[in-house]
Every structure is written in C-alpha cells, then in structure tokens.
Amino acid sequence: MINITKSLIYGLLLFLLAFVTIVIYMTWMPGPDLENKVAEDKLVIADLRERLKSHVVTLASSDTGRNYLVEDTLTPAHDYIARQFSDIGLTARYHSYELYEEEYSNIIVDFPSKNKDSAVLIIGAHYDSVGNSPGANDNASGVAALIELARYLANKPPAHYKVRLIAFANEEPPYFQTDEMGSFVYARSISNTNENVLGMISLETIGYYTDEKGSQEYPELFHLFYPDAGNFVSFVGDLGSRELVTSAISLFRKNSSVSSEGVSSPVIMPGIGWSDHWSFWQFDYQAIMITDTAPYRYEHYHKNTDTPDKLNYDQYAKVVYGVFKVVEG
C-alpha cells in the first residue's frame, strides 16, 4: 500500500513537472514586454493612423461584406488593393485560380533584397470577410496594414532578405481550413519550388484594443498565464514555428509601446490556426499569426456590427508600426 502511494505521488510530481515544462516552453517569450519604454514619433503614428482608417472605411463600406456569397463584392476590394499598390509605385502580380467556375486572385508585390539568393519572408492578409459582415476588423484591418507595409518597404527596401506581400482571397467559410483557401492554393504552388522561404506572417484581425478588466478570454487554462485585459497584440504559432514567433515578438518589443504576448502551441489549441498561416503549416513552412485574438476579445467578430467605428485606431497604428520594425529585421 505504501509503495503504491509513493508511486502515485511520484507519478503526479512527474506529470506536474512535465506540464510546467511544456507551459514554459509554449509561453516564454524574449523581452520582457515593454522593458524599453518605446515612444513612437507622434506625427508618424498620427499620419499612419489616418491612412489605416481610410483603408478600413473604404474596404468595410458595405453591409454585405466581401464574400463569394454576394456577387461581385470581392471585386471592389481586389481592385482597391491593386490600385493602392500601384499608387505607391509598385507593380502587382496575380496568382489566380478557378473555384466552382469563378476566378479568384491573390494579389502579390515583391521587394527584392540586395542578395538575390536570400530567403523570402511572406506576409499576408485575407481580403474577404465572412458573409453579411462589413469585416472592418476581420480583416480590413490586416489588409490596411499590408498596404501601409508596402508603402513603408517601398521607401525602405529590405536589406537582409526578400519580402513578399500577399492579399489572399477566400480565407473565410466555407473555404476556411480547406484546400480552396487562396493561401492554401498559393502555399501549395510554391511547395515544390527551390525557393528559400524564411517564414510566413499572417496579419489577422489586429484593430481592437481595450484596457477593460475581464475583456480578454482564452482557451481553457490559458487565462492562468496571460492578462485579463485585451490591450495587447498576440504573436501565435505552432510548435514548429517557435523560432519565428520568438524572433518576431523580440523585434516588436524592442520597437513598440504596445504590450505583446506570444505562444507557440500544439495545433489542437482552439484558435491557434485560425488564419492563412494554417495553410503554410500544411507544407511544413514556419508561419505565425499576429492578431488582437479576434473572438477571444472582440464581441463583433463575424457579425454585421464589425464596422469601422469599433476599432481603436491609435493602438492599431502603433501595432502596425511595430510590425514594420519586425519586417525590417
């Protein structure tokens, strides 16, 4: 009886030790958060804020949203993104594919580095919204950030690696996490090439922040390790993308005044793969999501109330500026 009790105690201690080790591995991030007390240039942030807001208002101007459900609602968004790239002085190319006798396009702009053989960092955001939602936060916020990232890179080309920006079609249901997502079709198309892909970053629902206590929710048990106010931006990846998660959040924390949290988790955790980065995991690329955590914080997620007035543009602009610095390296 005594031996059985000791074995049970030892077993529980080993389980607890293993659990704590796994949690630390998943949640520890370099930093610490806000240690450097960064103060961004107010004029730069103010200018970025207004441009981001203008993009979001334009993209989320229709109650029907941007979705295959309503004919021709994706086309205006597609054309707006392409026109913005053109106005910046960039030449977009299109990765098109057919789906149920309709053609859809991923919109791509490339920024070469000085070294033509260097790796490429892919950054994407989906430009569709769920049916009958204006999709201001999900995901006009990500697309607006992508457009402004293009403007930033046009003035400050990458030095150490190539950057490829892609506005993806068809992330939302019924295509979500299927081989019909625009990002899946694209990831599959490059999987058999010899191109050196450094990794992929998905900009997903990044516009809503609040200091209200209790505003942040999590999958089971994760509330024990993270803040209860939704005032931070999250860097999310699977276990195989831990290196990209930690390097990205480290750069963000050195250059942003916005709080940030990160996790590198098994894919079974709810929400961990809820965007276009999931597609790249299917082909063994490191890929992460930068997000405000969407439904774990934002009550208007996938609703017809996801309108431009709900976003916190001051924090959103600071987050996007921090992303600029992540991409700059």
Side-chain angles (χ1 to χ4, degrees), residues 55-56 58-111 120 122-136 138-147 149-150 162-193 195 197 200-205 273-283 285 287 289 302 306:
H55 297 317
V56 170
T58 300
L59 288 165
S61 61
S62 172
D63 291 340
T64 58
R66 309 172 298 281
N67 195 277
Y68 84 103
L69 287 169
V70 183
E71 187 176 0
D72 290 334
T73 56
L74 274 180
T75 301
H78 172 284
D79 292 349
Y80 179 81
I81 296 163
R83 187 166 60 252
Q84 291 301 309
F85 287 153
S86 178
D87 289 348
I88 293 168
L90 303 169
T91 301
R93 57 189 177 92
Y94 303 95
H95 176 256
S96 300
Y97 68 104
E98 189 171 294
L99 191 60
Y100 306 114
E101 300 183 351
E102 295 288 339
E103 185 175 87
Y104 299 94
S105 293
N106 301 317
I107 311 163
I108 304 171
V109 289
D110 287 290
F111 298 86
V120 60
I122 298 170
I123 302 151
H126 69 90
Y127 63 91
D128 62 322
S129 70
V130 73
N132 296 315
S133 171
D138 185 16
N139 188 31
S141 66
V143 174
L146 198 73
I147 293 169
L149 180 54
K162 305 169 189 173
V163 176
R164 181 169 302 147
L165 306 184
I166 311 178
F168 291 115
N170 297 333
E171 186 267 357
E172 297 287 5
Y175 308 120
F176 179 69
Q177 290 195 348
T178 73
D179 61 4
E180 296 174 335
M181 290 171 69
S183 55
F184 188 101
V185 175
Y186 179 78
R188 181 174 56 197
S189 75
I190 64 169
S191 64
N192 294 322
T193 70
E195 187 169 27
V197 177
M200 185 270 179
I201 298 174
S202 175
L203 304 177
E204 172 66 60
T205 315
W274 287 356
S275 192
D276 293 297
H277 59 303
W278 173 90
S279 297
F280 289 80
W281 292 347
Q282 311 315 304
F283 299 94
Y285 294 113
M289 170 174 59
H302 278 193
D306 182 12

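All residue numbers in this chain count up from 1 along the given sequence.
- Of all heavy-atom pairs spanning G135 and S129, the tightest one is CA-CB, 3.9 Å.
- No donor-acceptor contact under 3.5 angstrom links the side chains of Y80 and R66, judged on distance only.
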Side-chain donor-acceptor distances from residues 166-174 under 3.5 Å, at least two apart:
residue, atom, partner, partner atom, Å
N170, ND2, Y97, OH, 3.1
E171, OE1, H126, NE2, 3.2
E172, OE1, H302, NE2, 3.1

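- The side-chain contact (heavy atoms from CB on, under 4.5 Å) check on A136 picks up V56, A60, D306, P308, L311, with sequence neighbours excluded.
- Here the side chain of S279 pairs a donor or acceptor atom with the backbone of F184 at under 3.5 angstrom.
- T73 places a side-chain N or O within 3.5 Å of a backbone atom of N67 that can act as its donor or acceptor partner.
- Take S191 and apply the side-chain contact (heavy atoms from CB on, under 4.5 Å) test, not counting sequence neighbours, and it matches F283, Y285.
- A salt bridge between E195 and R164 is present, with a side-chain N of the basic residue lying under 4.0 Å from a carboxylate O of the acidic one.
- Under the rule for a side-chain contact (heavy atoms from CB on, under 4.5 Å), the partners of A150 that lie at least two apart in sequence or sit in another chain are F85, I88, L90, F111, L165.
- To the nearest 0.5 Å, atoms CG (L74) and CD (E103) are separated by 12.5 Å.
- Taking 4.5 Å as the limit, some side-chain heavy atom of D276 sits within range of a side-chain heavy atom of M181.
- With sequence neighbours left out, E180 forms a salt bridge (charged side-chain N to carboxylate O under 4.0 Å, His left out) with no residue at all.
- The NE2 atom of H55 sits 10.0 Å away from atom CG of L146, with the distance rounded to the nearest 0.5 Å.
- Counting heavy atoms from C-beta outward, Y175 and D128 have side chains that stay 4.5 Å or more apart.
- The closest side-chain heavy-atom distance from Y127 to I107 is below 4.5 Å.
- With sequence neighbours left out, the salt bridge (charged side-chain N to carboxylate O under 4.0 Å, His left out) criterion links D179 to no other residue.
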